[in-house]
> 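Below is a structure I'd like to ask you about.
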2 protein chains.
Amino acid sequence: MLKLSKKVEYGLIAIRHIASVNNHISTVKEISEKYIIPVDVLAKVMQKLTKGKIITSYQGAMGGYTLARKAEEISVMDVISVIEGTQVGIAQCFSEVPENCSIYTNCTIKNPLGKIQHNLEHVFSSMKVSEIV
Amino acid sequence: MLKLSKKVEYGLIAIRHIASVNNHISTVKEISEKYIIPVDVLAKVMQKLTKGKIITSYQGAMGGYTLARKAEEISVMDVISVIEGTQVGIAQCFSEVPENCSIYTNCTIKNPLGKIQHNLEHVFSSMKVSEIV
DNA sequence: ATCAAATAGGACTACACAAGGCGTATATAG
DNA sequence: CTATATACGCCTTGTGTAGTCCTATTTGAT
Ligand code: SF4
Ligand code: SF4
């Protein structure tokens with residue numbers, strides 16, 4: 001509960017790595033070996049980050065990945081959103097349509113939790129990749 | 001991911017309810033019916049909150065629960081910790097012994113995530129039950 | 001042309017956790 | 001004694017996480 005997935009952690013490690021080598025092209029093999037990350041899992045993460053326009057891919061021999069934007073312009077929240085695919089919410093009513101929660105109309109805590117949700121988003125959005133290199 | 005469990009939500013709803021009736025004794029049946037919460041699930045949550053000294057139980061007929069401390073002295077973090085039982089951490093190395101993570105020594109993001117963890121704890125700890133009544 | 005290196009992506013398994021249901025024991029007011 | 005209430009363990013079901021395996025496609029180098 002309240003835990004980041006390994007995929008997100010792997011994504012952050014990979015992005016930080018690319019930033020740390022001055023955005024030189026890096027391969028999945030290289031990163032997975034250096035940080036002992038399962039290569040297939042990391043590969044899928046990189047593909048998602050590519051689709052999310054956070055990194056850029058170069059196919060074929062001598063290919064790999066670079067950052068698609070400057071490290072100062074990538075937040076931890078960006079990485080989480082892209083990898084998870086779904087809206088990040090501390091409660092069902094924030095990540096899906098509110099009516100999905102069977103007790104929505106009776107719920108007395110959605111407003112206060114909304115405030116927490118907002119603060120949470122701020123914490124994740126304000127931390128940029130440039131700060132973790 | 002990053003979502004509160006229903007147990008925690010139920011616990012918060014229940015605690016807020018008791019606070020809202022000026023700490024008069026309340027039963028599981030009463031609360032579960034009012035907010036449409038499965039009675040068995042709520043019962044277990046209340047038992048955990050009792051063991052965690054957040055509420056006080058009165059057994060037998062005419063029994064029920066009251067708050068064990070003032071609403072201003074109960075934080076959302078207290079409720080989460082007691083109901084979950086385990087340490088709340090956004091990564092494995094914060095909620096268990098660090099060595100459990102197989103890539104701990106190679107991990108380059110544990111320090112920045114530690115900062116996020118700290119901010120997170122502040123957000124949950126600073127919100128008190130008295131603010132959600 | 002061929003080969004090797006690299007990304008792209010689908011299918012599948014194993015496991016852990018979340019959510020809830022059920023049954024029974026114990027305490028206590030009236 | 002009985003009705004009401006908490007205490008607590010066991011079990012099922014569904015969902016999500018983490019990881020493996022396999023194949024296709026792209027592309028630089030020989
Ligand atoms: S409505 Fe209340 S209970 Fe339902 S998800 Fe939102 S917060 Fe949780
Ligand atoms: S060490 Fe790094 S990877 Fe392992 S849990 Fe902590 S943060 Fe996540």
Side-chain angles (χ1 to χ4, degrees), chain A residues 1-11 13-14 18 24-33 36-52 55-66 68 80 83-86 88-92 95-96 100-103, chain B residues 1-11 13-14 18 24-33 35-52 55-66 68 80 83-86 88 90-92 95-96 100-103:
Chain A
M1 203 204 98
L2 286 179
K3 199 170 298 181
L4 262 39
S5 70
K6 285 290 180 192
K7 286 183 186 176
V8 167
E9 295 192 326
Y10 295 158
I13 289 173
I18 300 175
H24 280 1
I25 195 164
S26 308
T27 69
V28 166
K29 185 164 182 288
E30 170 191 338
I31 297 173
S32 75
E33 284 176 355
I36 326 283
I37 297 172
V39 61
D40 305 281
V41 175
L42 181 60
K44 291 243 185 59
V45 169
M46 299 304 265
Q47 286 159 23
K48 285 201 174 179
L49 290 172
T50 303
K51 282 203 166 180
I55 61 180
T56 305
S57 76
Y58 301 91
Q59 294 192 10
M62 303 302 289
Y65 298 94
T66 60
I80 295 175
I83 293 179
E84 293 302 319
T86 62
V88 193
I90 63 168
Q92 195 181 19
S95 54
E96 318 172 17
N100 276 11
C101 178
S102 60
I103 66 171
Chain B
M1 203 202 96
L2 286 179
K3 199 170 297 179
L4 262 39
S5 68
K6 286 291 181 192
K7 287 182 187 178
V8 167
E9 295 192 326
Y10 295 159
I13 290 174
I18 300 175
H24 278 1
I25 195 165
S26 308
T27 69
V28 166
K29 184 163 183 286
E30 169 191 337
I31 297 173
S32 75
E33 284 176 355
Y35 303 100
I36 325 283
I37 297 171
V39 60
D40 306 281
V41 176
L42 181 59
K44 290 241 188 59
V45 167
M46 300 302 266
Q47 286 159 25
K48 284 199 174 180
L49 290 172
T50 303
K51 282 203 167 181
I55 60 180
T56 304
S57 75
Y58 300 89
Q59 295 193 9
M62 302 301 289
Y65 297 94
T66 59
I80 295 175
I83 293 179
E84 292 304 319
T86 63
V88 191
I90 63 168
Q92 194 181 19
S95 53
E96 318 172 17
N100 276 11
C101 177
S102 61
I103 67 171

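Since the structure is predicted, the reported quantities are computational estimates derived from the model, not experimental observations. Below, read A as the first sequence line, B as the second, and so on, with proteins coming before strands; counting in each chain starts at 1.
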> Nearest whole angstrom, please: distance from the P of dT23(D) to the CD of Gln47(A).
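Rounding to the nearest Å, CD of Gln47(A) and P of dT23(D) are 17 Å apart.
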> Heavy atoms, side chains only, cut-off 4.5 Å: are Lys7(A) and Lys44(A) in contact?
no
> Round to the nearest Å and state the distance from Asp40(A) atom CG to dC22(D) atom C1'.
10 Å
> When the distance from NZ of Lys29(A) to P of dA6(C) is rounded to whole Å, what number comes out?
7 Å
> If I take atom CD1 in residue Ile18(A) and atom P in nucleotide dT7(C), what distance separates them, rounded to the nearest angstrom?
10 Å
> Have a look at Lys3(A) and say if it touches a base, only the backbone sugar-phosphate, or nothing, with a 4.0 Å heavy-atom cut-off.
nothing
> Using whole Å, report how far CE of Met1(A) lies from C1' of dT17(D).
17 Å
> With nearest nucleotides of DNA chain D determined for Ser102(B) and Gly64(B) from heavy-atom distances, which residue corresponds to the more 5′ nucleotide?
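Checking each residue's closest nucleotide, the 5'-ward one belongs to Gly64(B).
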> Classify the side chain of Lys44(B) and the base of dG21(C) as holding, or not holding, a donor-acceptor pair under 3.5 Å.
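Yes, the side chain and the base share a sub-3.5 Å donor-acceptor pair.
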> In this structure, how many angstroms lie between the P atom of dA19(C) and the NZ atom of Lys6(B), rounded?
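Taking NZ of Lys6(B) and P of dA19(C), I get 7 Å after rounding.
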> Any side-chain N or O of Thr27(B) below 4.0 angstrom from OP1/OP2 of dT4(D)?
no
> Quick one: is Ser57(A) getting a side-chain N or O under 4.0 Å of the dA8(C) phosphate, OP1 or OP2?
yes
> Assuming nearest nucleotide by heavy-atom distance, tell me which of Val41(B) and Gln59(A) is located more 5' along DNA chain C.
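That would be Gln59(A).
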> Mind calculating the distance between CD1 (Ile25(B)) and P (dA29(C)) to the nearest angstrom?
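Rounded to the whole Å, the gap is 10 Å.
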> Taking the side chain from Ser57(A) and the backbone from Ile55(A), do they hold a donor-acceptor pair closer than 3.5 Å?
no
> Does a side-chain N or O of Tyr10(A) approach OP1 or OP2 of dG19(D) to a distance below 4.0 Å, or not?
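Answer yes for this pair, as a side-chain N or O of Tyr10(A) is under 4.0 Å from OP1 or OP2.
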> Could you pull out the closest heavy-atom pair between Glu9(B) and Ala91(A), with the gap in Å?
OE2-CB, 3.1 Å
> Is the shortest heavy-atom distance from the side chain of Met1(A) to the side chain of Val8(B) under 4.5 Å?
yes
> Looking at Lys48(B) and Ile83(B), would you say the former's side chain and the latter's main chain have a donor-acceptor pair under 3.5 Å?
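Looks like yes, one N/O pair under 3.5 Å.
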> From the list dG28(D), dA18(C), dG20(C), which nucleotide is the closest neighbour of the side chain of Pro38(B)?
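Minimum distance to the Pro38(B) side chain belongs to dG20(C).
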> What's Lys51(B) touching, base or sugar-phosphate or nothing? Going by heavy atoms closer than 4.0 Å.
sugar-phosphate
> Does a nitrogen or oxygen in the side chain of Tyr65(B) sit under 4.0 Å from OP1 or OP2 of dA7(D)?
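Checking dA7(D) against Tyr65(B), a side-chain N or O does come within under 4.0 Å of OP1 or OP2.
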> In whole angstrom, give the distance that lies between atom CG of Asn100(A) and atom P of dG14(D).
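Computing the Asn100(A):CG to dG14(D):P distance gives 18 Å.
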